[in-house]
Visitor: 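Take this structure first; my questions come after.
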Amino acid sequence: MLKKLAESKVEGGLNLGDDFDGYSDLDSPSESEDEDDVGYLVAPQHHKRGRGKQKQNDTETEEREATFYVGQQFENPKTFRKAIIDYSIDKGRNIPFSKNDSTRVCAECEHKDKGCKWRIWASWERGRRSFTVKTFVSEHTCDRTPIIKKMTSHWIAEHYQNLFKVNPYMRVQDIQETIWLEKGIRVSKDKAARARRRGQAIIVGEYKEQYALLPRYAAEILRSNPGNTVKLKLDANVFDRLYLCFEALRKGFLAGCRPFISLDGCFLKGPFGGQLLVAVGRDGNNQMFPLAWAVCEVESTDTWSWFLELLATDLGTSEGAGYTFMSDQQKGLLAAVSNVFSQAESRVCARHVYCNFRGVFGAAEDLLKRNYKKWCRAFYTPLSCCDSVDNNMSEVFNAYILSARHKPIITMLEDIREGLMERLHKKRDFIGEKEIMLCPRIQIQLEKHKVWARGWNAYWDGGFCYGVREGATQVKYVVDLNQHTCSCNAWQTYMKAYEFLLEPLNGPQEWPTSDSIVVAPKVKKVNGRPKTKRRYGVGEVTASGKLKRTGCSMKCSLCGVIGHNKRGCKNAPKQQQHSNNHATAEQTTPQQQHPRTSSAIPMHNRGVGIYTYPNGYQRIATVSHSIYSNSFLHVTLLY
């Protein structure tokens, strides 16, 4: 497991050094098809001598194509059989074993009766503990076949292990198509389904093994810097929660970031599920500055309180005075913030407030009954030096770690930590190369405000205060340069946040030993096919480019009643519903060929009749048009 974990660190982690403003489909780690990994020894470059240069080159080319050669050594019969299976799949030939025991293995092409001479024989070499190829005929006279018997479900699960890590619930059809495109081999649906089950079992085993390494991982983090905070909580040796806060991030936040913290949680995609709770700050350039994160079972008041209490200890505050916390109204989060940080300012994301209330109520009066001081900018205090009304910083961080959320727990945590190592020094180098007095984004805001300040006049009081007035509307504010405030409440250092270094860690083989035993939690079983697409909120434009209509009230075009559409209308006669839902043949006469009228089939009574709706509306139906009437409203509908 230590070797697997070390190899996974080489596959590539997160790129947190670049600016980012949305979701990202980060590439998954590439899959290795190197033949050196199958367990047998690679042919030496100078295993044959005494031949001419041209003949030697021809022989080497033939050996590269054939893979095998006489005298090639393997560790044991098992690795030799694996090499035969890989060769059979790679070349698209069925090569059964004619002899197969612990001392000798012989394989021949299945078309030997038709003249194909391909054959290989290997056995233990006397005096050496190596399984050696004694006979090899590399010539194939048969053609490739799309059905290879040696491509078993076990082989597919092992070879496409990284693919199943990214998507453990990959569709059977996608597995079949991937194998056909990469190998040119057809597999049945049953075999693909068995391979998927085996792949899921392999993944679960690897995830379990990494939970057992958590005590050693925590010890390595503390060894690299005793100022780091690592809290591992167990429930009868079963993993429960893990909290991480690195000293470099904590010092950077306290030294150069705004006292503004965004809180959010996201789902983990592995077989054990769980949640990743995060606290993200804002640096002087209005970019994200991750502060601390934790892995727990679910989002609740208990888990959020546990996370925030540890965060309060790291920040050196007991009641959160001077801090502002932004959230998305997650389960139990608001109660946890009020309990742990009783003196802190609490905000909720205005976007989520809008979506939640539009989906439930849809009326402005209902919205104003809530605590609007938590999401309306006009009621914010200047303590946080931030007028943000959304929780985008946390969403950006969740998008950064999107590719890591499906990985085993230590691999995921290492991707986050190494990505932040890169981000810290890249941001430090970025701002150090610029000869400016303000951060780039703040400079852009300042230039915009210069344009907006046209028409304003300033009046000095002789000290540190100015009275400013807009000429057209006569709006007035007071600016205090000594207190750095303005009565309009539009608030006003970067380098200090990134001057601390995040220490690297040793590889898993060098981690300190630990006597602690950690058992993985229960596998999270999901009923039905898991959802892979993001759920769009109310008012969001979906991937199809259409605006979601959730929360909008419907109005029936037949009876005019709000609450349903014409498909579910029970007020109109059945013949009318049938006429509106299905196109019918029309018969027109020269007198009826008006551009706005037509001779639709009568909705009832074959063209003439009076119908009274339950709400009091009446309709007189004729061949070309109908009239809705009552004592208050007269509407004419032309068909």
Side-chain angles (χ1 to χ4, degrees), residues 1-16 29 32 37 161-162 165 202-251 268-272 274 276-278 290-297 306-307 310 313-314 401 403-425 500-521:
M1 188 58 225
L2 292 174
K3 182 180 178 181
K4 289 182 181 179
L5 182 57
E7 291 173 351
S8 68
K9 292 166 68 66
V10 182
E11 292 179 349
L14 306 178
N15 182 11
L16 297 178
S32 174
D37 294 337
Q161 189 175 146
N162 287 338
K165 286 181 182 178
I202 294 174
I203 293 170
V204 170
E206 183 175 341
Y207 276 69
K208 282 186 177 179
E209 291 173 346
Q210 288 207 8
Y211 277 99
L213 294 175
L214 282 175
R216 298 182 61 184
Y217 178 66
E220 173 63 17
I221 293 177
L222 295 176
R223 184 209 59 80
S224 65
N225 187 345
N228 296 334
T229 303
V230 185
K231 298 295 182 181
L232 179 60
K233 183 180 179 182
L234 306 178
D235 183 8
N237 290 336
V238 178
F239 174 83
D240 190 19
R241 302 167 192 172
L242 175 66
Y243 172 88
L244 289 174
C245 181
F246 292 92
E247 186 181 33
L249 299 177
R250 181 174 67 251
K251 287 184 176 180
L268 301 182
K269 305 297 184 179
F272 297 100
L276 184 70
L277 310 182
V278 297
L291 176 58
W293 50 93
V295 179
C296 63
E297 63 280 13
W306 175 81
F307 176 74
L310 294 174
T313 302
D314 285 328
I401 64 173
S403 65
R405 285 159 55 185
H406 72 276
K407 297 181 180 180
I409 183 169
I410 294 181
T411 305
M412 176 192 69
L413 295 175
E414 278 295 274
D415 280 357
I416 297 175
R417 185 189 62 83
E418 291 174 347
L420 290 176
M421 282 181 62
E422 291 288 319
R423 181 179 177 85
L424 289 180
H425 84 79
F500 302 99
L501 306 180
L502 184 57
E503 302 82 7
L505 300 182
N506 288 326
Q509 294 84 352
E510 305 297 328
W511 288 352
T513 58
S514 176
D515 297 331
S516 300
I517 299 176
V518 179
V519 180

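Computed from a predicted structure; not experimentally measured.
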Visitor: Calculate, to the nearest 0.5 Å, the distance between atoms CD and CG belonging to Glu418 and Leu502 respectively.
Guide: 10.0 Å
Visitor: Could I get the full list of side chain to side chain contact (heavy atoms under 4.5 Å, CB included) partners for Thr313, not counting sequence neighbours?
Guide: none
Visitor: Check whether any side-chain heavy atom of Asp240 sits under 4.5 Å from a side-chain heavy atom of Leu234, and report yes or no.
Guide: no
Visitor: Might you work through the side-chain contact (heavy atoms from CB on, under 4.5 Å) test for Leu424 and Leu501, ending with a clear yes or no?
Guide: CA-CA 7 Å; Leu424 289 180; Leu501 306 180; over 6 Å; no
Visitor: Check step by step if side-chain contact (heavy atoms from CB on, under 4.5 Å) holds for Leu277 and Cys296.
Guide: CA-CA 8 Å; Leu277 310 182; Cys296 63; 3.7 Å; yes
Visitor: Is the shortest side-chain heavy-atom distance between Gln210 and Thr411 below 4.5 Å?
Guide: yes
Visitor: Indicate yes or no: at least one non-hydrogen side-chain atom of Ile416 is less than 4.5 angstrom from one of Leu276.
Guide: yes
Visitor: Tell me, with the steps shown, if Trp293 and Leu249 meet side-chain contact (heavy atoms from CB on, under 4.5 Å).
Guide: CA-CA 11 Å; Trp293 50 93; Leu249 299 177; 3.8 Å; yes
Visitor: Looking at Arg216 and Pro512, would you say the former's side chain and the latter's main chain have a donor-acceptor pair under 3.5 Å?
Guide: yes
Visitor: Compare all side-chain heavy atoms of Arg417 with those of Leu505 and state whether any distance is below 4.5 angstrom.
Guide: yes
Visitor: With Glu510, which residues qualify under side chain to side chain contact (heavy atoms under 4.5 Å, CB included), at least two apart?
Guide: Asn506
Visitor: Taking side chain as C-beta onward, heavy atoms only, is Leu420 less than 4.5 Å from Pro290?
Guide: yes
Visitor: Please name all residues satisfying ring pair (Phe, Tyr, Trp, His ring centres under 6.0 Å) with Phe307, sequence neighbours left out, ordered by chain then number.
Guide: Tyr243, Trp304
Visitor: Tell me, with the steps shown, if Leu244 and Leu413 meet side-chain contact (heavy atoms from CB on, under 4.5 Å).
Guide: CA-CA 9 Å; Leu244 289 174; Leu413 295 175; 4.0 Å; yes
Visitor: Which salt bridge (charged side-chain N to carboxylate O under 4.0 Å, His left out) pairs, counting each pair once, include a residue from residues 219-229, with sequence neighbours left out?
Guide: Glu220-Arg223
Visitor: Taking ring pair (Phe, Tyr, Trp, His ring centres under 6.0 Å) as the definition, give me every residue that meets it alongside Phe239, ordered by chain and number, with sequence neighbours left out.
Guide: Tyr211
Visitor: How would you list, by chain and number, every residue that makes a side chain to side chain contact (heavy atoms under 4.5 Å, CB included) with Glu247, sequence neighbours excluded?
Guide: Asn225, Asn228, Arg250, Lys251
Visitor: With heavy-atom distances below 4.5 Å as the criterion, would you say the side chains of Val518 and Leu213 are in contact?
Guide: no
Visitor: Hey, are the side chains of Met421 and Pro504 touching, using non-hydrogen atoms and a 4.5 Å cut-off?
Guide: yes
Visitor: So Glu414 and Tyr217, side-chain hydrogen bond (donor to acceptor under 3.5 Å, both in side chains) or not? Walk me through it.
Guide: CA-CA 10 Å; Glu414 278 295 274; Tyr217 178 66; 2.8 Å; yes
Visitor: With side chains defined as the heavy atoms from C-beta onward, is the minimum distance between Leu268 and Val295 less than 4.5 Å?
Guide: yes
Visitor: How far does CG of Asp314 sit from CG of Leu291, to the nearest 0.5 angstrom?
Guide: 7.5 Å
